[in-house]
Amino acid sequence: MSNNDIKLIPLYASGYFRVDVWDGITSVIEYVYHDANCYYYGIANNSEEIEREIFVLKKNFQSFLDEEEVYVNDEKTKGKCIHVEISAPTCSPVMIYFYNKIGGKIKRGLNRYMNFYENEESTYPYHFVWWFPEGTSIKKADFCGSNIIVTKNVIIGRVKPGETLCGEELIEFVIE
């Protein structure tokens, strides 16, 4: 089976973002799929084919990162996909993890994160978590009306299928 025969149906996604003064912003994005043709399960024990898929997935995800305009404290930064992992213990679900470094110079005091991307309608549910250092005060968290909860140093958001994403995110926070 060639990768032209891959039929992945997105079921769910999760994004975990970590913010600190040493690494800036890093993330792990997880996509959960139904693999209708069992493609990834079929190649799971073939390291050469898995590496080829990882290369393609990393390149594709990097192109998504390149389309975003991200600013940390008014300085433009570019995300970089560092690694991709495929987990296919069965035909379904299949999980694909993208490990990313968004960067940016995070400092003690007031910080501002802005992200601009093409607006779109979500076709599957997902959630995201932003984790800040202990003692951080989150002043503003705007994710285009997504259902968000802010508790101390954590932002949790949920997006339903059919929800329109306006293409802008803003977080203002103070690190002690």
Side-chain angles (χ1 to χ4, degrees), residues 1-20 22-70 77-104 113 115-132 143-144 146-149 151 153-167 169 171:
M1 185 180 296
S2 75
N3 60 0
N4 291 335
D5 298 323
I6 299 173
K7 185 173 181 191
L8 294 178
I9 300 165
L11 301 175
Y12 196 80
S14 304
Y16 302 96
F17 298 82
R18 182 174 164 266
V19 179
D20 69 42
W22 297 279
D23 291 327
I25 303 169
T26 55
S27 70
V28 178
I29 310 296
E30 172 191 30
Y31 289 94
V32 180
Y33 296 101
H34 169 64
D35 185 353
N37 295 335
C38 294
Y39 175 75
Y40 284 113
Y41 180 71
I43 66 168
N45 293 320
N46 183 329
S47 60
E48 191 174 296
E49 288 202 38
I50 285 289
E51 288 303 316
R52 189 174 316 124
E53 284 300 318
I54 286 172
F55 176 81
V56 170
L57 290 167
K58 185 176 177 182
K59 182 178 166 189
N60 289 345
F61 198 79
Q62 184 62 53
S63 71
F64 291 122
L65 293 175
D66 291 344
E67 290 173 8
E68 295 183 344
E69 278 189 55
V70 177
T77 184
K78 279 287 189 191
K80 180 158 178 60
C81 184
I82 304 300
H83 181 67
V84 175
E85 193 63 39
I86 301 168
S87 177
T90 62
C91 288
S92 187
V94 168
M95 289 76 63
I96 301 176
Y97 301 89
F98 297 89
Y99 298 86
N100 311 293
K101 178 147 179 72
I102 298 163
Y113 161 86
N115 186 3
F116 302 96
Y117 49 90
E118 189 172 325
N119 62 344
E120 61 187 358
E121 184 177 302
S122 177
T123 58
Y124 49 85
Y126 67 90
H127 81 277
F128 54 88
V129 178
W130 282 79
W131 225 308
F132 297 83
F143 291 87
C144 301
S146 297
N147 182 15
I148 62 168
I149 299 168
T151 60
N153 62 323
V154 176
I155 300 170
I156 301 169
R158 294 177 186 87
V159 176
K160 297 176 184 173
E163 193 171 326
T164 299
L165 311 172
C166 73
E169 299 173 357
I171 306 173

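We count residues from 1, following the sequence as given. Scope of the values below: all heavy atoms of this structure, side chains included, with no hydrogens, waters or symmetry mates.
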Distance, nearest 0.5 Å, that separates [atom1] of [X] from [atom2] of [Y]:
{"X": "Glu169", "Y": "Phe116", "atom1": "CD", "atom2": "CZ", "value": "10.0 Å"}
{"X": "Glu118", "Y": "Glu68", "atom1": "CD", "atom2": "CD", "value": "11.5 Å"}
{"X": "Leu65", "Y": "Lys101", "atom1": "CG", "atom2": "NZ", "value": "13.0 Å"}
{"X": "Asp66", "Y": "Lys80", "atom1": "CG", "atom2": "NZ", "value": "9.0 Å"}
{"X": "Ile86", "Y": "Tyr41", "atom1": "CD1", "atom2": "OH", "value": "15.5 Å"}
{"X": "Ser14", "Y": "Tyr126", "atom1": "OG", "atom2": "OH", "value": "11.0 Å"}

Short question: side chain of [X], backbone of [Y] - any donor-acceptor pair under 3.5 Å?
{"X": "Lys58", "Y": "His83", "value": "no"}
{"X": "Thr77", "Y": "Ile102", "value": "yes"}
{"X": "Asp35", "Y": "Val94", "value": "no"}

Subject >> side chain to side chain contact (heavy atoms under 4.5 Å, CB included) between Glu53 and Ile50, intermediate numbers included >> reply: CA-CA 5 Å; Glu53 284 300 318; Ile50 285 289; 5.5 Å; no

Subject >> For Glu30, all residues meeting side-chain hydrogen bond (donor to acceptor under 3.5 Å, both in side chains), sequence neighbours excluded >> reply: Tyr97

Original post:
Can you check side chain to side chain contact (heavy atoms under 4.5 Å, CB included) on Glu121 and Thr123, steps first, answer last?
Top reply: CA-CA 6 Å; Glu121 184 177 302; Thr123 58; 5.8 Å; no

**OP:** Assess the side chains of Asn115 and Tyr117: does a donor N or O sit below 3.5 Å from an acceptor N or O?
**Re:** no

Subject >> Trace of the side chain to side chain contact (heavy atoms under 4.5 Å, CB included) decision for Ile155 with Phe132 >> reply: CA-CA 9 Å; Ile155 300 170; Phe132 297 83; 3.8 Å; yes

**OP:** Just say parallel, tilted or perpendicular for the rings of Tyr16 and His127, cut-offs at 30° and 60°.
**Re:**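 Geometry flag for His127 against Tyr16: perpendicular rings.
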
Original post:
So Phe98 and Tyr31, would you call those rings parallel, tilted or perpendicular, with 30° and 60° as cut-offs?
Top reply: perpendicular

Quick check: closest heavy atoms across [X] and [Y], and the distance to 0.1 Å?
{"X": "Gly167", "Y": "Asn119", "answer": "N-CB, 3.9 Å"}
{"X": "Lys7", "Y": "Asn37", "answer": "CB-ND2, 3.7 Å"}
{"X": "Val32", "Y": "Pro93", "answer": "CG1-CB, 3.6 Å"}
{"X": "Tyr124", "Y": "Pro10", "answer": "CD2-CB, 3.5 Å"}
{"X": "Glu49", "Y": "Ile43", "answer": "OE1-CG2, 3.2 Å"}
{"X": "Ile9", "Y": "Ala36", "answer": "CD1-CB, 4.5 Å"}

Hey, does [Y] have a side-chain heavy atom less than 4.5 Å from the side chain of [X]?
{"X": "Glu163", "Y": "Pro125", "value": "no"}
{"X": "Asp23", "Y": "Arg18", "value": "yes"}
{"X": "Ile25", "Y": "Trp130", "value": "yes"}
{"X": "Tyr113", "Y": "Val19", "value": "no"}
{"X": "Ile6", "Y": "Tyr40", "value": "yes"}

Subject >> Over 12 non-hydrogen atoms of neighbours within 6.0 angstrom of CZ in Phe55 >> reply: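 Not more than 12 within 6.0 Å, no.
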
Original post:
Is there a side chain to side chain contact (heavy atoms under 4.5 Å, CB included) between Ser27 and Asn100 once you walk through the steps?
Top reply: CA-CA 5 Å; Ser27 70; Asn100 311 293; 3.2 Å; yes

Subject >> Phe128-Phe143 aromatic ring centre distance below 6.0 Å >> reply: yes

